[in-house]
Each structure stands twice: as structure tokens, then as C-alpha cells.
Enquirer: 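There's a structure below that I have some questions on.
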Amino acid sequence: MGKEIGVTVKKSEDFSEWYTQTVIKSELVDYAPVKGLIVLRPDGYSIWESIKSSLDKKFAATGHRNGFLPTLIPESLLTKEKDHFAGFNPEVFWVTKSGEGELGDRLALRPTSETLAYTLFSKWIRSWRDLPLKINFWNTALRAEIKATKPFLRTSEFLWQEGHTVHTNSDEAQKEVIDILELYKKTVEEELAIPVITGKKSEKEKFVGAVYTFTMESLMPDGKALQMGTSHFLGQNFSKPFEVKFADKENVESYAWQTSWGVSWRLIGGMIMVHGDDKGLVLPPRVAPIQVVVIPIYYSDEDREKIEKVSKEIEEKLKNAEIRVQVDNREELKPGFKFNEWEMKGIPLRIEIGPKDLEKNQVTFARRHNRQKDDQAITGLVERVVSELDKIHNDMFSDAKKILEDRTIEVETYNDFKTELEKGRLIKAPICDNPKCEEEIKEETSADVRVITSDSDDTSSKCIKCSDQSTSRPLFARGY
RNA sequence: GGGAGCGUGGUCUAGCUUGGUAUGAUUCUGCGUUUGGGACGCAGAGGUCGCGCGUUCAAAUCUCGCCGCUCCCA
């Protein structure tokens with residue numbers, strides 16, 4: 001009995017069902033009354049806030065400032081850059097009425113803010129002295145998802161940040177694209193313990209309207225790749241239609257060079273998939289809403305008093321050390337139930353304190369990620385918790401990295417490509433520069449070019465599709 | 001675009017063929033006993049049976065329509 005409280009399927013047997021149960025039962029999210037929309041509950045939002053705060057620090061340190069844009073964008077603006085609009089059009093939500101009255105110009109619920117932001121940039125920027133302009137927006141974007149939706153990965157509205165920068169020259173803008181990509185990679189690896197592969201998107205997969213797109217990709221346990229963040233070099237593709245112009249030092253008017261970049265709550269989805277196990281969530285310590293849970297265990301009122309006192313002391317000390325700690329002193333539940341519940345919620349470290357521990361002036365540590373338990377002296381406990389949380393993070397990252405490396409493979413033939421794809425691998429394969437080959441591979445196998453890494457030049461192999469001379473060796477996978 | 005299935009307390013569910021006012025579990029509240037890996041007893045709370053029209057003395061159940069959800073195929 002009671003088993004149905006937890007996740008009832010194995011991650012390895014029914015990944016999709018496992019994921020849905022895990023996010024719902026661990027109380028990160030709930031479904032909203034409208035299809036394709038989800039509600040973030042406090043534990044879920046807390047993870048987002050951790051990611052947000054970590055990124056905000058890095059953005060600020062590199063000279064970016066936050067602003068806020070409205071959700072509604074007039075149709076006339078959205079259509080100004082043709083490719084861009086064509087790319088987003090099928091998934092745009094439109095507002096056509098206010099009350100019972102029809103609106104003259106339809107309003108789009110922003111699928112992304114380039115067009116709106118750049119209209120404003122053209123007003124704000126006059127001179128080279130106004131540049132670079134580096135601004136970031138924390139908001140939501142809406143893109144109608146009619147296909148199967150999945151919390152965090154595919155929803156019709158999602159939380160994200162979108163950064164937009166404007167520069168006087170191409171080089172500086174391109175450096176920004178790379179700097180942001182590195183900043184993202186650092187955040188994902190150091191906060192979420194997810195290893196990523198960075199590089200360029202192919203022409204076919206780049207952001208619509210961009211000159212090129214850089215991406216960071218990670219591999220999920222079901223063998224699908226997840227795009228965890230993108231950074232786009234827009235060149236002058238938007239500055240021209242939106243007239244983002246400046247007078248340079250010689251007073252010559254020229255079009256500015258722009259970038260845009262973003263990460264979304266997809267990061268949370270990736271984190272759940274990469275680290276979770278059959279018991280539910282496994283949270284990386286740096287973003288866990290609660291890092292340490294203390295479970296008091298007692299048999300008599302006498303023990304209870306003593307143990308509650310010690311728990312409280314430990315709680316105080318950990319709080320002073322800025323550890324997010326919670327003592328679970330719910331009386332109606334037995335310890336076993338609490339163990340299971342906190343494990344489902346993925347709390348990285350559990351401290352059990354019982355009469356046997358107290359006799360020896362110690363507590364029991366139970367780690368979530370590897371489910372190992374051992375004794376720890378109460379003296380020096382805070383320092384040990386701090387180092388343990390770091391160690392847990394490092395373990396989680398290196399475990400995930402090993403899996404990523406083990407599952408990345410090189411092939412030379414289309415047959416091998418298909419075989420490895422079925423095994424859920426990330427595949428490095430040579431391809432020529434004819435876009436038809438990439439297209440046909442996608443049609444036939446549903447795998448696409450996820451990322452072209454900086455070391456992927458290869459002109460001495462044969463394209464797996466047409467056998468012509470290859471130009472590069474990008475990473476392929478099926479994607480989310 | 002084509003096909004299939006489902007909708008019953010917060011959650012999961014029985015009942016529907018053969019019409020008679022809804023079963024069980026879980027959850028929730030109170031009291032008591034429990035507490036080192038998902039405790040138990042007792043008492044109690046909680047349902048416009050997706051919505052609407054119809055048939056009938058009587059509809060969760062039968063007819064028709066609508067809405068919503070899920071899955072499969074293009």
C-alpha cells in the first residue's frame with residue numbers, strides 16, 4: 001500500500017509517463033485549465049528563481065540591464081522582417097477584439113520580442129555613444145502548441161529571458177554571441193549539473209531572421225537531444241527594416257549590428273530528465289528549493305524533546321550558513337513516509353536524527369543522488385554539509401558527463417547512422433554542404449543537425465547521404 | 001484530414017449490456033495509539049455522475065446533439 005503515492009513507472013521503461021508523473025507528483029507544476037498551459041507551483045518557481053538569480057548576476061557583471069516589454073505586438077511590426085514572421089506565423093496567438101469591439105490592427109501575443117524591442121531601439125539610439133546597448137527581458141513568450149505538449153518542454157506559454165544587444169560593429173556583436181553562449185554553458189553546468197555541447201546551428205535549423213545561431217545542446221536519457229539555449233548573431237537583418245541606425249565618430253550614419261539570445265524553463269525540464277530516477281526528482285543542490293531536510297526520529301516524549309532541541313540547533317546553524325534547510329517535524333507521519341516523500345521531491349541531502357545518533361553525538365546523512373547513508377559527527381556539521389553539497393553537485397555533473405560521452409559516437413555510413421540512432425545516440429557523422437542531404441536525412445530518420453562544433457571541419461570523408469566529399473562532421477540526433 | 005477510446009467526491013475507480021438515486025480505495029478533518037524505510041483503530045467530511053434536449057412513473061445507465069481530454073494514423 002502507499003506505493004501509488006510515488007512515481008509508479010520506471011524511468012527506463014516508460015520515460016514519457018515517468019516524466020509526467022515526476023513533475024506533477026513532486027509538485028513542481030500542475031496543469032492549467034487550458035490545454036498546453038501549465039502552472040508553476042512554489043517548488044517549481046523556486047528552481048526558476050535560482051536560475052534567474054544566477055543569470056542576473058552574470059548579466060549584470062557583463063554590463064547588461066533588465067527592462068520590461070508589453071505582451072501585445074501589433075501585426076504591422078511583427079511582419080516587418082519577412083523571414084522572421086514567416087517562421088513564427090503558424091504559432092502566433094492573435095487578439096482581435098476588445099470586449100465586443102473588433103480591433104483595427106490585430107495584436108499578437110508575443111512569440112518573441114525582436115520586432116517590438118527594435119522599434120524602440122531605433123528611437124533610443126542616435127549616436128555611437130549610445131552603443132553598445134545591452135538589455136535583457138524576463139518575461140513569457142506564447143507560441144501555440146497543437147502537437148503533444150509536455151510540461152517545461154513544449155507548452156504554449158513559457159517563462160524565459162530574452163537578451164538583445166546592439167553594437168557599432170560586427171566583431172563586437174559576434175563576440176557578444178560567444179560570450180553569452182559561454183555564460184549560459186557555465187550556468188547550466190555549474191547550477192544544474194548538466195553537461196552541454198556548444199556550437200553552431202545549421203542553416204536549416206538557425207533562428208529565423210538570424211545570420212547564424214549558436215546553441216547548447218544536451219542529450220536526454222531517451223536519446224533525444226534538448227536545445228538548452230541559443231545565442232543569435234542577427235547582423236544587420238533587423239537593424240535595416242527597423243532602422244536601428246547610429247552616427248559614427250565621423251558622423252556617418254550606419255546600421256547597427258545586433259544579437260539576441262535566450263534560455264527558458266526548458267532548462268528545468270532538462271534537469272529533471274537528466275538527473276531524475278525511478279523514485280522521482282533528483283535536484284542539483286545549487287537550485288534545490290530545499291537543500292537539506294532534517295528528519296527527527298523518536299520513540300518517547302523524553303527523546304522527542306531532546307531531538308527537537310538538537311534539530312532546531314542544527315537548523316539555526318545551517319540557516320546562518322545560508323543553507324536552505326527545513327526540519328520536518330510533522331507528527332502525523334512516520335519517518336519512512338517522510339523519507340520517501342522527500343526523495344520523490346529530490347531533496348539532495350537528508351539528515352536523520354534519532355536516539356541512537358544522539359547517544360554517539362552524531363547524525364545520519366542520506367544522499368539523494370546515490371542513496372548512500374553514513375554517520376556524521378555533530379561537531380563541524382555545518383562545514384561538512386557545505387562540502388557535501390558541493391560534492392553532490394560534482395558527482396551529479398560527472399555522472400551525467402560520462403553518460404553523454406558514452407552515448408556520443410562517430411559513424412561513416414548511413415546504415416550505421418540509422419542503427420546508432422535507434423540506440424538513442426548522439427551521432428557525429430560527415431555530411432556535404434548540399435542542404436538537400438540534411439533535409440532528406442531529417443525526413444527519413446527524423447534526426448536533424450543539432451550542433452556543429454568548432455572542431456567539426458572534415459573535408460576528407462564522404463557524406464553519409466550522397467557520398468560526395470564532406471564539408472563537416474556535425475552532431476545529429478532526434479530532438480525535442 | 002482520418003480513426004479509436006475516455007469523461008462518476010480532491011485523486012484513482014465500480015456500476016452502464018438488463019433504467020430504481022452511486023461502489024471501493026486513497027485524500028481530507030477530529031480523537032487515541034504509533035514513529036530508524038510508505039502505521040493502525042474509531043468517528044466524520046466530501047459527488048449538479050462533462051453539458052443540453054429527449055424517451056420514461058423513474059436516467060450515471062437508453063436516443064440525439066454539443067463540449068472537453070487521451071491515444072493512434074496521415
Enquirer: Would you say A/Lys206's side chain and A/Ala210's backbone share a donor-acceptor pair under 3.5 angstrom?
Expert: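 Looks like yes, one N/O pair under 3.5 Å.
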Enquirer: Using atom C1' of each nucleotide, how far apart are B/G3 and B/G47 to the nearest Å?
Expert: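 To the nearest whole Å, 34 Å.
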Enquirer: How close or far is atom P of B/G36 from atom CD1 of A/Ile351, stated in whole angstroms?
Expert: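 In whole Å, B/G36 P lies 19 Å from A/Ile351 CD1.
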Enquirer: Please check if the side chain of A/Glu302 supplies one atom and the backbone of A/Arg304 the other of a donor-acceptor pair under 3.5 Å.
Expert: no
Enquirer: Between B/A59 and B/G50, how far apart are the C1' atoms? Round to whole Å, please.
Expert: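 The answer is 16 Å between these two C1' atoms.
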Enquirer: Between atom CD1 in A/Ile24 and atom C1' in B/G10, what is the gap in whole Å?
Expert: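 Atom-to-atom, A/Ile24 to B/G10, this comes out as 14 Å.
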Enquirer: What is the pairing partner of B/G7, taking Watson-Crick or G-U wobble pairs with both distances under 3.5 Å in any strand?
Expert: B/C67
Enquirer: What about A/Lys373: does its side chain form a donor-acceptor pair under 3.5 Å with the base of B/G36?
Expert: no
Enquirer: In terms of relative ring orientation, are A/Trp160 and A/Phe158 parallel, tilted or perpendicular, with 30° and 60° separating the classes?
Expert: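 A/Trp160 and A/Phe158: perpendicular rings.
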Enquirer: To the nearest angstrom, how far is A/Lys150 atom NZ from B/U70 atom P?
Expert: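 Atom-to-atom, A/Lys150 to B/U70, this comes out as 12 Å.
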Enquirer: Given that both distances must come in under 3.5 Å, which nucleotide forms a Watson-Crick or G-U wobble pair with B/A45?
Expert: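 B/U27 - that is the nucleotide pairing with B/A45, both distances being under 3.5 Å.
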Enquirer: Counting Watson-Crick and G-U wobble pairs only, both distances under 3.5 Å, name the nucleotide matched with B/U21, or none.
Expert: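 B/U21 is unpaired by these criteria.
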Enquirer: Specify the separation, in whole Å, of atom CZ of A/Phe337 and atom P of B/U26.
Expert: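 It works out to 13 Å between those atoms.
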Enquirer: May I have the distance from A/Gln376 (atom CD) to B/G36 (atom C1'), rounded to whole angstrom?
Expert: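 Checked: the CD to C1' distance equals 17 Å.
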Enquirer: Should the side chain of A/Glu343 and the base of B/G37 be counted as holding a donor-acceptor pair, with the cut-off at 3.5 Å?
Expert: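 Side chain to base: pair found, below 3.5 Å.
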Enquirer: C1' atom, B/C71 versus B/C28: distance in rounded Å?
Expert: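 Straight-line distance between the two C1' atoms is 33 Å.
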Enquirer: Can you measure A/Lys25 atom NZ to B/G10 atom C1' for me and round it to whole angstrom units?
Expert: 15 Å
Enquirer: Can you check the distance between B/A39 and B/U34, where both ends of the measurement are the C1' atom (answer in whole Å)?
Expert: 7 Å
Enquirer: Identify the nucleotide, in any strand shown, that forms a Watson-Crick or G-U wobble pair with B/G32, with both distances under 3.5 Å; if there is none, say none.
Expert: B/C40
Enquirer: Show the numbers, then the answer: is there a side chain to side chain donor-acceptor pair (under 3.5 Å) between A/Gln376 and A/Asp374?
Expert: CA-CA 7 Å; A/Gln376 302 288 333; A/Asp374 55 33; 2.8 Å; yes
Enquirer: Taking atom P in both B/G36 and B/A22, what distance in whole Å separates the two?
Expert: 41 Å
Enquirer: Parallel, tilted or perpendicular, judged at 30° and 60°: which one describes the rings of A/Phe397 and A/His393?
Expert: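 Parallel, since the angle between the ring planes stays under 30°.
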Enquirer: Just by modelled atom types, is the A/Arg384 backbone N or O under 3.5 Å from a matching donor or acceptor in the A/Ser387 side chain?
Expert: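 Flag set: sc A/Ser387 to bb A/Arg384 pair under 3.5 Å.
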Enquirer: For B/A74, which nucleotide in any strand shown is its Watson-Crick or wobble partner with both distances under 3.5 Å?
Expert: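 Paired with B/A74, as far as the under-3.5 Å criterion goes, is no nucleotide at all.
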Enquirer: Can you tell me how far P in B/U23 sits from the matching atom in B/A4, rounded to whole Å?
Expert: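 Per the computed distance, 34 Å lies between those P atoms.
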Enquirer: Kindly say whether A/Lys80 contributes a backbone atom to a donor-acceptor pair with the side chain of A/Thr115 at under 3.5 angstrom?
Expert: no
Enquirer: Atom NZ of A/Lys345 to atom P of B/G38: distance rounded to whole Å?
Expert: 20 Å
Enquirer: Distances under 3.5 Å between protein N/O atoms and the N/O atoms of nucleotides 31-35 of chain B, please, pair by pair.
Expert:
residue : atom : partner  : partner atom : Å
B/U35   : O2'  : A/Tyr298 : O            : 3.3

Enquirer: Rounding to an integer number of angstrom, what distance separates B/A43 and B/U26 when you compare their P atoms?
Expert: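 Here B/A43 and B/U26 have their P atoms 15 Å from each other.
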Enquirer: Scan every strand shown for a Watson-Crick or G-U wobble partner of B/G54, both distances under 3.5 Å, and answer none if you come up empty.
Expert: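 Here B/G54 is engaged in a pair, and the nucleotide opposite it is B/C62.
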Enquirer: Just how far is it from atom CZ of A/Phe339 to atom CD1 of A/Ile297, taken to the nearest 0.5 Å?
Expert: 4.0 Å
Enquirer: Flag the pair A/Met216 / A/Val263 as yes when at least one side-chain heavy-atom distance between them is below 4.5 Å, and no otherwise.
Expert: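 The answer is yes, as the side chains (C-beta and beyond) meet within the 4.5 Å cut-off.
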Enquirer: To the nearest Å, give me how far apart CG (A/Asn340) and C1' (B/A39) are.
Expert: 13 Å
Enquirer: Could you measure between the two C1' atoms, the one in B/C73 and the one in B/G37, and give it in whole Å?
Expert: 46 Å
